[in-house]
Amino acid sequence: MTAELVRGQNHTLPQTRLEIRISAGAPVVAGATLGDEQGRVHGVEWVAHPGSPQLHGLEVSRQAAADHRLAVDLDALPDGVHRVTVLLALPLGVGGPTRFGAVAPPFVAVTGLDGDEIATFTLTGLDSESAVAALELYRRQGAWKVRAVGQGYAGGLAAMLADQGVDRAAELAGSIQEAVARGLARSVAPPPPRTPESDRVRHAPAPAPAPGNGQPPVPPPNPASQPEPLAEPAAPAPQGGPIDYAHPRRRPTAPPPPPPAAPPAQPGQPAQPVAGDATGWSMDERLYNQVWGMFEDMARTVAAYRSAVEFAESRMDQELERTLSDPRSRIGGAGDRAREEARAKRDELTGRARESLDRDLAQLAAESAVVEPALPAAYAGWDNPVWHGYRVPMEIPMALRIGDLRLPESADLRIPLLVRLPRERGMWIDSGRPASESAALTGTEQLGRLAMESAVLHAARLLAVYPPNAFSVHVIDPAGSAAGALAPLVRSGVLPAPPASGAQGVSSVLAHLTRRVDLVQMAVRAGAADSLPPDLDLAEQLLIVNDFPHGFDDRAVTQLRYLADEGPSVGVHLMMVADREEASGYGPVLDPLWRSLLRVTPVADDHLADPWVGHAWTYEPLRTPPGSAVLDRVLAQVANARRTGHR
């Protein structure tokens with residue numbers, strides 16, 4: 001039976017291999033400290049955090065997220081450790097909330113490896129605190145217990161670490177926040193939070209076998225569930241004109257219709273996948289939710305497999321260590337037999353884990369096979385036949401596909417990477433040399449060309465999914481080096497002006513977009529849309545910047561940072577095509593800019609992390625099929641719709 005703890009209450013732990021699951025209303029940093037009998041932390045090597053996530057017997061998340069799963073093996077903790085304190089902190093300097101009073105109370109659960117909850121604690125009553133000691137696992141008279149703490153610190157991580165006796169706590173807190181900021185720059189933004197009512201109706205994988213009888217204690221993946229569509233009402237449009245650059249929102253008056261029922265499965269067989277089997281108000285919304293559910297399914301399935309393999313390796317090492325520590329086992333063939341038996345058990349456990357993984361991946365592959373052909377153009381790859389029947393839409397879609405994701409355990413299964421529209425985060429297409437096999441085989445000049453071609457493809461998709469004249473693209477190309485890549489946009493006539501070149505061209509475009517951001521912000525805040533100049537283009541704007549920082553002075557860099565920070569809220573979005581190393585001369589002044597953008601690459605590279613377990617996923621950019629004219633046909637229709645004002 002689960003113990004629901006209140007602040008200060010404790011509960012005995014029935015086992016020593018545990019998971020600590022954390023759910024919060026916003027991304028939080030999760031860490032843990034190891035303390036002695038007095039609760040003192042002996043040094044930074046006794047602190048687990050995103051920059052140093054693993055200690056003996058303890059592993060925490062590598063990035064900030066709204067959901068965390070921390071692994072604890074109390075028997076494997078270093079000698080002298082009597083206390084494990086779980087810490088939560090808000091990531092600072094990244095534009096999110098700065099106090100826990102502004103977010104939903106975090107929820108913490110201590111579970112066994114089978115997922116059954118042992119104790120839970122909801123951290124209520126927090127206000128100005130930006131860090132909190134959530135709970136502690138402590139040893140008393142040979143037994144381990146959990147205590148609900150909920151001690152908040154308005155001074156943040158530094159104050160909390162100093163309170164536990166950590167030397168140079170402020171320096172360590174700064175390094176943790178920096179590690180988190182780097183992680184946020186490479187992470188895929190999670191979908192909106194979920195509710196039980198929005199769980200996807202899909203075939204749930206069979207639970208993992210319980211520990212014992214030679215079975216690895218592997219936590220089963222959670223039942224697949226969807227991201228909940230945002231339900232807050234949209235911001236009211238100012239009087240005088242429909243200006244609304246908020247994220248698409250709706251407040252339903254009734255629950256959405258149920259998803260279509262799957263065909264009945266044969267006894268002993270998994271349910272047949274159905275396209276659109278998630279809840280939603282439209283097929284597009286159902287498909288969006290289903291794709292995110294597949295993404296989460298694969299992340300957790302692979303996490304369970306990797307955990308099983310690590311357990312099997314660890315068990316083999318422990319058995320060999322016990323065997324070889326006994327001098328009697330070294331005589332005769334006892335040692336050899338022990339090694340063979342340990343390896344045989346390891347192979348058996350990993351084989352079972354692989355069978356379970358293959359079964360789950362086969363189900364996901366079957367689902368992908370029915371979902372991919374059913375995707376609308378905004379969600380589909382350029383090779384999808386849906387583009388042959390493309391027509392310029394009259395409404396903005398829910399999301400846009402910007403690439404594919406895969407894991408090494410299944411190179412053939414790819415998950416579409418869908419991002420919500422309107423974009424709330426800009427994009428940085430890295431024209432440098434990412435540390436991947438694909439990049440190693442690509443020359444520096446070719447990488448730069450591929451990066452700009454990727455930018456053009458992303459821009460073309462945005463133009464294609466917005467209604468006529470509802471989206472505009474501007475290009476800054478200081479040296480004119482992107483003429484070849486920009487040819488499809490120029491040839492079709494969808495660019496309202498030629499690419500800006502030279503210092504004067506850079507200054508002119510930045511001044512124009514900065515003025516637009518300022519004016520629309522003032523109009524929205526004052527409710528005075530009728531006072532906007534008649535020549536102001538109220539369409540969504542995308543600025544593509546090539547070869548940064550060439551052609552940019554200090555003033556231009558400041559304007560660029562302003563557009564990245566303030567532009568998305570009023571419909572101005574940034575797409576940088578840049579090599580981070582080349583821009584390093586500006587020093588830390590550009591760090592906030594890079595952290596605010598989602599980094600993608602023009603070649604396959606494993607740099608993106610999922611929001612559930614933090615796997616490094618290989619991102620693959622979308623490409624048009626060789627010899628295909630699909631891009632020119634789509635852009636020609638967009639240009640024609642702009643001229644005629646309709647599809």
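Both backbone and side-chain heavy atoms feed into the values below; hydrogens, waters and symmetry mates do not. Just so it is clear, the structure is predicted and the values come from calculations on it, not from any experiment. Residue numbers count from 1 along this sequence.
When all heavy atoms of G381 and R461 are compared, the pair lying nearest together is C-NH1, 4.3 Å. Closest of all the heavy-atom pairs between L593 and R561 is CB-CG, 4.1 Å. Residues P621 and P602 approach most closely at CG-O, 3.3 Å, considering heavy atoms. When all heavy atoms of A399 and A378 are compared, the pair lying nearest together is O-CB, 3.5 Å. Annotation for A275 and A374: closest pair CB-CB, 3.7 Å, computed over non-hydrogen atoms. Scanning both residues, N469 and A539, for their nearest heavy atoms gives O-CB, 3.4 Å.
Atoms CD1 and CE, from I544 and M452 in turn, are 5.0 Å apart once rounded to the nearest 0.5 Å. Going from atom CD of E620 over to atom OG1 of T618 covers 7.0 Å, rounded to the nearest 0.5 Å. Considering CD1 of I415 and CD of E372, their distance stands at 9.5 Å, rounded to 0.5 Å. Distance check: S472 OG to L463 CG gives 8.0 Å after rounding to the nearest 0.5 Å. To the nearest 0.5 angstrom, M398 atom CE is 10.5 Å from L287 atom CG. The distance from atom CZ of R401 to atom CG of N384, rounded to the nearest 0.5 Å, is 8.0 Å.
By the 4.0 Å N-to-carboxylate-O rule, R516 lies too far from E566 to be salt-bridged with it. Electrostatic pairing of R420 and E424 does not count as a salt bridge here, judged by no charged N lying under 4.0 Å from a carboxylate O. Using a cutoff of 4.0 Å between basic side-chain nitrogens and carboxylate oxygens, E409 and R306 are scored as salt-bridged. Salt-bridge check for R300 with D360: failed, with every basic side-chain N at 4.0 Å or more from each acidic carboxylate O. Ion pairing of R286 with D277 is absent here, as no side-chain N (NZ or NE/NH1/NH2) approaches a carboxylate O to less than 4.0 Å.
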- List the steps and the verdict of side chain to side chain contact (heavy atoms under 4.5 Å, CB included) for L462 and V473. CA-CA 9 Å; L462 284 164; V473 177; over 6 Å; no
- Message: What verdict does the side chain to side chain donor-acceptor pair (under 3.5 Å) test give for Y562 and D518, after you've listed the backbone C-alpha separation in whole Å, the side-chain angles of each residue and the deciding distance to 0.1 Å?
- Response: CA-CA 10 Å; Y562 176 74; D518 290 338; 2.4 Å; yes
- Item | Residues L519, L536; criterion side chain to side chain contact (heavy atoms under 4.5 Å, CB included); working and verdict | CA-CA 9 Å; L519 291 176; L536 192 68; 4.2 Å; yes
- Item | Audit row: L574, M576, side chain to side chain contact (heavy atoms under 4.5 Å, CB included) steps and yes/no | CA-CA 6 Å; L574 186 61; M576 302 280 292; 3.9 Å; yes
- Task: Go through the steps for Q521 and S569 under the test side chain to side chain contact (heavy atoms under 4.5 Å, CB included), then give the verdict.
- Result: CA-CA 8 Å; Q521 275 189 339; S569 64; 4.1 Å; yes
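Residues forming a side chain to side chain contact (heavy atoms under 4.5 Å, CB included) with S368 (at least two apart in sequence, or on another chain): M294, L413. In this structure Y466 satisfies the ring-ring contact (aromatic ring centres under 6.0 Å, His included) test together with F471, sequence neighbours excluded. Residues forming a ring-ring contact (aromatic ring centres under 6.0 Å, His included) with Y619 (at least two apart in sequence, or on another chain): none. Every side chain to side chain contact (heavy atoms under 4.5 Å, CB included) that R633 has, sequence neighbours left out, goes to H388, A629, V630. For P498, the side chain to side chain contact (heavy atoms under 4.5 Å, CB included) test picks out no residue, with sequence neighbours left out.
In this structure the side chain of P533 reaches within 4.5 angstrom of the side chain of R515, judged on heavy atoms. For the pair S431 and L447, the minimum side-chain heavy-atom distance is 4.5 Å or more. Considering only heavy atoms from C-beta on, S454 comes within 4.5 Å of R623 through its side chain. At a threshold of 4.5 Å between non-hydrogen side-chain atoms, the residues L598 and L608 count as touching. Contact of the V302 side chain with the H615 side chain is registered, since non-hydrogen atoms from C-beta on lie closer than 4.5 Å. Side chains of T514 and L563 form a contact here, defined as non-hydrogen atoms less than 4.5 Å apart. Contact of the I429 side chain with the T601 side chain is not registered, since no non-hydrogen atoms from C-beta on lie closer than 4.5 Å. Here the side chains of L631 and L457 are in contact, with some heavy-atom distance below 4.5 Å.
Side-chain contact check for H573 and E540: at least one donor-acceptor pair (N or O, by modelled atom type) lies under 3.5 Å. Between E285 and N289, the side chains place no donor N or O within less than 3.5 Å of an acceptor N or O (distance only, hydrogens not considered).
Figure legend: R580 and F548 shown without cation-pi pairing, the cationic atom not lying both under 6.0 angstrom from the six-membered ring centre and within 45 degrees of its axis.
Listed by first then second residue, pairs satisfying ring-ring contact (aromatic ring centres under 6.0 Å, His included) with a partner in residues 390-432 read W387-Y390, W428-W594, not counting sequence neighbours.
Under the 30°/60° scheme for interplanar angles, the aromatic rings of W617 and F295 are found to stand perpendicular.
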